[in-house]
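Here is the structure we will look at, set down as C-alpha cells.
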Amino acid sequence: VLISAAAFAADYTGTLKYTIGGNPGTLENIVVSIDRTGDNLYKVVIKNVDVSPVLGMSMGDLTAENLKGETVDGVTTINTTDFSLTSSALSSTLFTSSDLTVRFNESKAYVLNKGVILSAYNYELEFGENDFNPSSIDSVDAVSKKDVKQIYSLTGARLNTMQKGINILRLADGRTVKVLKK
C-alpha cells in the first residue's frame, strides 16, 4: 500500500476511555480520523463521542486542527497545549482544553485530551494504547525466538528462517520489528 505523505489520511477504530467530573465511562468502536493537512500539520477528529450516560448529552465529533507533529522512526507525535477543540454537537465555548497528545503510525493511534467542559467539569478522553515500541534493531535484544510468530523479507515474502540482511519479525504480542542478520 502506497500512501503519499501529502495526502495522508487514516481512520483508526478502538476503545475510548473517558472521565468527566470524576465519572468514568468507556465507548467501544470509536473512530479517530487523522488527516495530514500540510507540511507536518494534522487534523484529528474523534467521532461520535456520546457521553450522555455521564454528561447527559453527546459531545458529537470532536475536532482539533492545525496540529504540528513530528515523525521519528515511523511514529508521528503531536504534543500541544495551543489548540482549540470544536464539537459538532456543542458550542466550542463550552470546552477549555488544556492539553492534547496524539501518537500514530500506519497501524494504530493513541489520543489523550484533558480539559474542562461546561466551565465546571474536568474531563479526560483516552483512545488506544500509548505503547509504541521502536521498530529498529535496538529493540531486538528483548526478542526471543519463542516470541517470533512470522518472518518476512523486505519484499513481504514469508520466510521460514531469517535470511542475511533485513528481516521483518511479527511477534506474539502483535509488535513488528526489523532485524539485521549479518
Side-chain angles (χ1 to χ4, degrees), residues 1-136 174-176 178:
V1 176
L2 295 174
I3 299 175
S4 167
F8 175 86
D11 287 342
Y12 304 89
T13 302
T15 301
L16 178 76
K17 294 179 272 186
Y18 64 87
T19 304
I20 300 174
N23 298 304
T26 302
L27 298 172
E28 300 294 333
N29 298 314
I30 294 297
V31 175
V32 170
S33 179
I34 302 175
D35 296 314
R36 184 177 214 159
T37 58
D39 189 28
N40 296 321
L41 291 177
Y42 298 89
K43 172 182 168 182
V44 177
V45 180
I46 306 173
K47 298 181 180 180
N48 194 26
V49 182
D50 185 1
V51 293
S52 48
V54 171
L55 195 58
M57 63 185 87
S58 173
M59 292 180 167
D61 293 351
L62 300 176
T63 303
E65 297 185 75
N66 297 318
L67 303 170
K68 184 140 180 81
E70 181 179 340
T71 304
V72 176
D73 292 332
V75 177
T76 301
T77 301
I78 299 166
N79 243 337
T80 186
T81 56
D82 183 24
F83 71 103
S84 62
L85 190 66
T86 59
S87 166
S88 64
L90 303 172
S91 169
S92 304
T93 60
L94 299 178
F95 288 94
T96 307
S97 290
S98 59
D99 63 50
L100 177 67
T101 300
V102 180
R103 298 187 76 206
F104 64 94
N105 62 19
E106 69 282 348
S107 61
K108 64 182 178 175
Y110 172 78
V111 178
L112 178 62
N113 175 226
K114 296 179 184 181
V116 177
I117 187 168
L118 302 173
S119 300
Y121 302 103
N122 288 332
Y123 76 86
E124 180 175 299
L125 305 172
E126 185 176 33
F127 175 88
E129 299 291 330
N130 191 11
D131 61 352
F132 292 84
N133 295 316
S135 61
S136 67
R175 290 184 300 141
T176 304
K178 296 174 189 162

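Here, residue 1 is the first one in the sequence, and each next residue gets the next number. Everything quoted here is computed from the prediction, not taken from an experiment.
Atom CD1 of residue Ile30 and atom CG of residue Asp50 lie 8.5 Å apart, to the nearest 0.5 angstrom. Here the straight-line distance linking atom CG of Leu27 with atom NZ of Lys47 works out to 15.5 Å at 0.5 Å rounding. One finds the CZ atom of Phe95 at 8.0 Å from the CG atom of Leu118 (value rounded to the nearest 0.5 Å).
Residues Met57 and Leu90 meet the side-chain proximity criterion, which asks for heavy atoms closer than 4.5 Å. Under the 4.5 Å side-chain criterion, counting only non-hydrogen atoms from C-beta, Lys68 is in contact with Leu41. Annotation: side chain of Met59 is in contact with side chain of Ile117 (closest heavy-atom distance under 4.5 Å). For the pair Tyr110 and Glu126, the minimum side-chain heavy-atom distance is below 4.5 Å.
Within 6.0 Å of OH in Tyr121 there are 12 or fewer heavy atoms belonging to other residues, nucleotides or ligands.
When every heavy atom of Tyr123 is checked against every heavy atom of Leu125, the shortest pair comes out as CD1-CG, 3.9 Å. Of all the heavy atoms in Ser58 and Ser52, the pair that sits closest is N-CB, 4.4 Å. A pairwise comparison of heavy atoms in Phe127 and Thr13 identifies CZ-C, 3.8 Å as the closest pair. Counting all heavy atoms, side chain and backbone alike, Leu100 lies closest to Ala64 at CD2-CB, 4.1 Å. When every heavy atom of Ile78 is checked against every heavy atom of Gly69, the shortest pair comes out as CG1-CA, 3.7 Å. Residues Val54 and Tyr18 approach most closely at CG2-CE1, 3.7 Å, considering heavy atoms.
Aromatic ring orientation, Phe104 versus Tyr12: tilted (interplanar angle from 30° to 60°).
Panel note: side chain Asn113, backbone Asp99; a donor-acceptor pair is recorded below 3.5 Å. Between the side chain of Thr19 and the backbone N or O of Glu124, no donor-acceptor pair lies under 3.5 Å. Judged purely by atom type and a 3.5 angstrom limit, Asp61 uses its side chain to pair as donor or acceptor with the backbone of Asn48.
Exactly one residue among Thr80, Val111, Asn79 makes a side chain to side chain contact (heavy atoms under 4.5 Å, CB included) with Val102. That residue is Val111. A side-chain hydrogen bond (donor to acceptor under 3.5 Å, both in side chains) with Thr71 is found for exactly one of Thr77, Thr76, Asn105, namely Thr76.
Judged by a 6.0 Å distance limit and a 45° cone about the ring axis, Lys108 is positioned over the six-membered ring of Phe132.
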